[in-house]
Structure formats: C-alpha cells, structure tokens
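Everything numeric here is computed off the predicted structure, so don't read it as measured data.
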Amino acid sequence: QKRRKLRWQDRTLLTLGIVLATLLLVRIESVQADGTLWGLELQSGPSSQTQFALNTNVRVEVSGLVARAEVTQVFANTGQHWAEGIYRFPLPDGAAVDRMRIEVGERIIQGEIREKETARRVYQQAKSAGITASLVEQQKVNQFETRLANIAPGEDISVTIGFLMNVKFEEGSFSLRLPMTFTPRWESGWVAAHQQPAPAPQFAPSGGRGSHGLNIDFLINTGIGFAAIESRYHDVDILPTGFGYHVSLLNRDELTDRDFELTWFPDLQGVPQSSLMTWDDGDAVYAQLMMVPPAPDSILRQDREVVFIIDTSGSMEGQSLEQARSALIAGLGDLGGTDHFNLVQFNSETELLFSRSMPATHENLVFARHYIDGLVADGGTVMAPALHAAFSLPQMPGLLRQVIFVTDGSVGNEQQLLGSIGEELGNSRLFTVGIGSAPNSWFMRKAAEIGRGSHTHIGKLDEVEERMSLLWGHIRLPALSDICVDWGSEAEYYPEIIPDLYAGEPLWVVARLPRIPDEITICGNLNGQHWEDTSRPMKSTGTDTLATLWARKKIESLEDSMLFGGDTDFINAEITRVALDYSLLTARTSLVAVDITPARGHDETLAPGTGPSL
C-alpha cells in the first residue's frame, strides 16, 4: 500500500539501467466480435504485421551496488488498424521490474502490481473493451514480456518501465552493462501449432517517422571518490556533481548497434571506506551500507589453512570430475610457503589426505597432485561426514581456515546439511564451487552465505582457470573479518550473516529502521587488530529504490525459509503481501496499467492476423 502512494510522475528520478530491446517485434493479434484472442492458436498461416517506429531514452541512477533503470520508449502505429504491440526484453540475473507509466496524448496511465491472474484478467477486459492497457509479465528469470493493447492508427504512445539491477564489481572496479540489441529466438511453439517454419520476424526500423533516437544518462551517487570512469564502447561526457558524477553520451545520434558499458574505479585508501545512504518514506527508514576494502598493498598477508573438499560421487563422473581436478590443482598452486593445506574427498565414504593439515612444501604439494590425479567418481553423495571432517580438523593457532567445497551439490537433504554447517563452522570460512551445467545453486549459495564465504559456478572446463583465478585472488587477502554493524534498535537487515570484506570485493547491507540514525558503528578485525569506525548518512538522500531493494532481500529470505521447512501457504501469502506493498514484479505478481478512458470503439477491431513474438 505504501508504495502505491508514491506517484512516479511527481518524483524527480535519475535512474539506472539496462535497456528494453531497441529492436521491437510487433505482433498484431486477431480479435473476434466476442473479443476472443486467437494468438498462436490461429490455424491459418501468418498474415500482415504492422511496424512501429521507436525512440528510446534511458536514465540511470547508481547507488552503491544497485542501479535503477527508467527506460522510456515512444511507439508510433504507422499502420491503418488498431493494434496490440508485443515485445520481450532481457534483463541480467537478479534484475526486478517494478514500475510502468504510459502516456497517450494528455492522458497518463500508472501501472500497479497485482496478482498474476488478476492482472491478466484486467488486461484482457480492457483490451476487449477498446481501452488502452499494458501488461508486463515475467517469462523467465531474466526475461519479461510487455503487451500494449489498443494503439490507434497514427497514434504515438510513450511507455516507461522501471527496474532494478545489480552493479558488477570485479578486480577492483565497478561496471554496468546495458544490452542495446536483442537476438531473435526460434519459436518452436509456432512450428508445433502450424507444421511449418515460423515466419521471419519484423522489427521496428532504425529510422522511421522522425527517426530512431537514443539517449543515455547516468547519475552515480557515492560518498567514495573514484580514480577513473571509463566507457568502453561509446564517447561520453563526465561531470562531477555535489554527490557523485553525471555521465551522458556525447553523440546524441548514437545507433543501438552495440551494448553500453560503463566502468568506474574506486580510489582505495589504507583502511576500509563506507558509504551510508538512507531514505525515509514516512513509515520507516531504509538504508544501504556499502563497504569498500582498503588498497591491496595496505593489507598484510595472513597465513591460512586451506582445506579442499572434493565430491567424487557417481554424479561427478566425466567432465564434472575433470573440472574439479583442474580447480584443485589451481588452488594448490595459489598456496604460499607459510600456508598449510589438506584435502578431503567423499562419495559414500569420506577420506582425508592427511590426518592434520600440512605445510605447503614442494614435497607435500607433489604428493597432493598425484592423489588428485588418481581420483575416480563412484558411489553416493554423502556430504555431512566430509564437512564434519573439515570443520573438526585440529586447530592451527594463527591460521585462518578457509574451506573450499567443490561439488555439483546433488543432494536431497539440504536443510540438514545447512543446519550442520551453521553448528560446526566455528571460525572457518566456507567457499563453495558449483561444478557442471546444472549444479544445486540454491544449496551452494546458501551454504556459502551461512559459511561467511562466497559461491563460484564453473559450467565448462575452459572456465576453470578464469573462475578459480578470480576466487583465489578474492580470498587471498581478507581485509576485514568478523564484521559487526550496530544499527541501533529495531533494525531488520540483510544479509543477516555478514561475510568478511576481501581485497577487490566490496560488500553491502540493507536495513529497515524506525528512524534515520545519526551514525552507525562498524567493527571488525583488520590486519590482526580490532578496527572500528562510524558511518554517517550522506547529505544527498537516497530514493525509494532503497525500500525496493530491502523488500527484494526480504522476499529472498522468505523463499529460503520455505526450503528450511517453513509453512508454505503462510510464506507464499507473505511473499505476495510484500510484493504488493512494495510493487515488485515476481513469479506470483504482474504489472498492469489500464486507461479509464475508452479508446477503440466497439465497432472497430484490432488488425487481423498474427505471428510469433520474440
């Protein structure tokens, strides 16, 4: 409810983004007198399609590791019939659509999140009644479909869709990539229904009525300085602002023939830096704390005990075991002369290479490599004894224990295993490496989260060197460990288990608070010594993006609790409630917008014919 009180047109937004496909496939669907939608069920061959000209404007707001996109596209029905436009657009993993606004002449239509079936019913009723309406649905995890009904001949309609996405951080730099093209997909459904190849799709031309224009504007909000900002494929203009940087295209006539990618490099200091952004919606305060590690040369290398666990069960036979062997060999090569190591293999049984971890000497490493070369895949997947064996190894004073768990995660007792990890972890850190094309990613991610580590996925043999090199570089230099954040009273924050801060890898925490704090206290261990600092809210306040981000993390936590044995009906109801309250598009909700003014007359129909959409 509180999200619906916010009128998008009344807010000044400079928003982030990824872009809707700039190539638009329009499908004109046949509607009988009773309003029946034929769609792909049409038994006759495909008939004429109408093209739409298109302009695209992308506004971007980056806040820490989260970005909001506001993508506006202007459609023009250049045909002679009323039409329904249908197009799909890709989003990166983790992106979430939550807003829609339509402008038709002087009319403004605001979208709202509803339960999926309700949204579909509202859209179909509006479409049949000749009313301008739009519907956004999630087709896949990273793909959304938008339908826009009752576009009059010669009419221009502006559609704005807003969504959130994560900013990437690797090897000491932030980056954001905006797809600007869309690759056609083969529609097997058309072949099955019509026993003939799908017709070639028609796209909006790059030029048309008034030509196709592209504009991209970025605003980077930050309390941390940058050493450099770079655009890889486009010439840009970069201007400092009072609370960050503004980036825009130099050429306003850019073609949408290549992706837009922006990279910015933080100016690292000798100690961790933090940035606290808040937003007050009147009912609660939402906050995002971002922490950036110190420069690598200011971090003292810490001696480690690295324990490798490798899955040698039957499900790992073939390429998976070959990838796992390569990953372990790469890990052995990363050990320093003062590090210690051990190796645990498991299938139906568990076996340790050494009874206690040994120094990473040349002789011990050669022995370990020979042992790894002789591993074979066979038997069942009994993980619990292997994890217990790693966590219960004799403690080695002064060494940080890092457990590297390499597996495809093919188990059915995830809840029991995760509970055991939480109970037995102690001062260890658990890093999971998912092997194969379809690992149990949820279990691997949650195991690493509980273990205050991170998750890496290796899907192909040729990815081993790159992915493992990133992992070893990540965990080699722990910058701040045993982190605590004092938000004050009544704070609900995520992640609930805060991982360590490593060189080249920032971390962030989102929270819901009863009031804006004067400051928050952050503590941890830095270079073997207790470290403490305070962070105060930035002078420029955040936006309701922070509330949306917090709600996404809460929904993720609710979904996790379902897999831990929570009441399914109660949790589903709670997820739907949060999604509706915070206007989030999920698998259980859709985004629908309907004009209250009738547009198409009852004696007029949508243009006849249909074809498959992308």
Side-chain angles (χ1 to χ4, degrees), residues 62-67 166-176 220-232 238 240 243-245 247 261-277 288-304 306 331 333-339 398-400 402 429 431 452-454 456 466-485 498-509 519-536 538:
V62 178
S63 301
L65 292 181
V66 179
N166 296 324
V167 175
K168 187 177 181 180
F169 190 98
E170 279 188 352
E171 299 183 350
S173 66
F174 298 91
S175 65
L176 191 65
I220 304 176
N221 293 324
T222 180
I224 298 172
F226 294 144
I229 301 176
E230 299 176 356
S231 172
R232 187 171 184 179
I238 304 171
F243 42 87
Y245 300 87
V247 182
E261 183 174 324
L262 195 69
T263 303
W264 54 105
F265 301 82
D267 185 13
L268 301 179
Q269 306 297 315
V271 295
Q273 301 176 75
S274 63
S275 175
L276 180 63
M277 185 173 293
Q288 175 185 252
L289 172 68
M290 182 179 71
M291 298 188 63
V292 176
D297 57 8
S298 67
I299 303 173
L300 299 179
R301 190 185 184 283
Q302 186 171 348
D303 294 339
R304 300 173 296 157
V306 181
D334 189 69
L335 295 173
T338 56
D339 290 333
L399 299 185
L400 172 66
Q402 296 178 331
R429 302 295 189 266
F431 301 87
R452 291 185 289 180
S454 62
T456 300
E466 176 189 0
R467 301 300 298 169
M468 295 309 295
S469 177
L470 290 174
L471 175 62
W472 305 135
H474 168 63
I475 69 176
R476 187 182 296 121
L477 291 175
L480 191 67
S481 59
D482 300 317
I483 298 173
C484 59
V485 180
I498 301 177
D500 295 338
L501 181 67
Y502 288 85
E505 183 88 12
L507 67 84
W508 49 276
V509 185
E519 63 181 27
I520 63 172
T521 302
I522 308 164
C523 65
N525 292 319
L526 177 65
N527 289 333
Q529 302 292 324
H530 178 76
W531 177 86
E532 188 172 299
D533 195 16
T534 57
S535 186
R536 295 177 174 83
M538 292 172 55

> How long is the span from the OG atom in S175 to the CD atom in E261, to the nearest 0.5 Å?
Replying inline: 5.5 Å
> Listed by chain and number, what are the side-chain hydrogen bond (donor to acceptor under 3.5 Å, both in side chains) partners of Q269, not counting sequence neighbours?
Replying inline: none
> How far apart are the C-alpha atoms of S535 and V485, what are their side-chain angles, what is the distance that settles it, and do they pass the side-chain contact (heavy atoms from CB on, under 4.5 Å) test?
Replying inline: CA-CA 10 Å; S535 186; V485 180; over 6 Å; no
>> Q302: which residues meet the side-chain hydrogen bond (donor to acceptor under 3.5 Å, both in side chains) condition with it, sequence neighbours left out?
In response: none
> Which word best sums up how the rings of F174 and W264 line up, parallel for under 30°, tilted for 30 to 60°, or perpendicular for over 60°?
Replying inline: parallel
>> The criterion is side-chain hydrogen bond (donor to acceptor under 3.5 Å, both in side chains); which residues satisfy it with R232, sequence neighbours excluded?
In response: none
>> List the residues meeting side chain to side chain contact (heavy atoms under 4.5 Å, CB included) with A295, not counting sequence neighbours, and say none if there are none.
In response: L268, D297, S298
>> Restricting to non-hydrogen atoms, name the atom on N525 and the atom on H530 that form the minimum distance, rounded to 0.1 Å.
In response: OD1-CA, 4.0 Å
>> I need the L400 CG to D339 CG distance, nearest 0.5 Å.
In response: 10.0 Å
> To the nearest 0.5 Å, how far apart are OH in Y502 and CG in L480?
Replying inline: 11.0 Å
> Which pair of non-hydrogen atoms, one from W531 and one from M291, has the smallest distance, and what is that distance?
Replying inline: CZ3-CE, 4.4 Å
>> Against I520, only a single residue in D533, L289, T534 fulfils side-chain contact (heavy atoms from CB on, under 4.5 Å); can you say which?
In response: L289
>> If you compare all heavy atoms of A479 against all heavy atoms of P293, which two are closest, and at what distance to 0.1 Å?
In response: CB-CB, 4.2 Å
> Sub-3.5 Å donor-acceptor pair from the side chain of Q402 to the main-chain atoms of G453, do we have one?
Replying inline: no
> What's the shortest heavy-atom distance between I229 and I238, and which atoms?
Replying inline: O-CD1, 3.6 Å
> Looking at residues at least two apart in the chain, or sitting in another chain, which of them share a side-chain hydrogen bond (donor to acceptor under 3.5 Å, both in side chains) with S173?
Replying inline: none
>> side-chain contact (heavy atoms from CB on, under 4.5 Å), that's the test. Do I220 and L262 meet it? Break it down for me.
In response: CA-CA 11 Å; I220 304 176; L262 195 69; 4.2 Å; yes
>> Nearest 0.5 Å, please: how far is CD1 in I498 from CD1 in I483?
In response: 7.0 Å
> Checking side-chain contact (heavy atoms from CB on, under 4.5 Å) for the pair L477/R301: CA distance, chi angles, key distance, verdict?
Replying inline: CA-CA 6 Å; L477 291 175; R301 190 185 184 283; 4.3 Å; yes
>> If I compare all heavy atoms of P294 with all of I299, which pair ends up nearest, and what's the gap?
In response: CG-CG1, 3.8 Å
> Out of curiosity, I522 CD1 to L501 CG, how far, rounded to the nearest 0.5 Å?
Replying inline: 10.0 Å
> What distance do C484 atom SG and E532 atom CD have between them, rounded to the nearest 0.5 Å?
Replying inline: 7.0 Å
>> Does anything in residues 471-484 form a salt bridge (charged side-chain N to carboxylate O under 4.0 Å, His left out)? List the pairs, not counting sequence neighbours.
In response: D334-R476, R429-D482, R452-D482
> Considering all heavy atoms of both residues, which atom of D500 and which atom of S481 are nearest to each other, and what is their separation?
Replying inline: OD1-CA, 3.3 Å
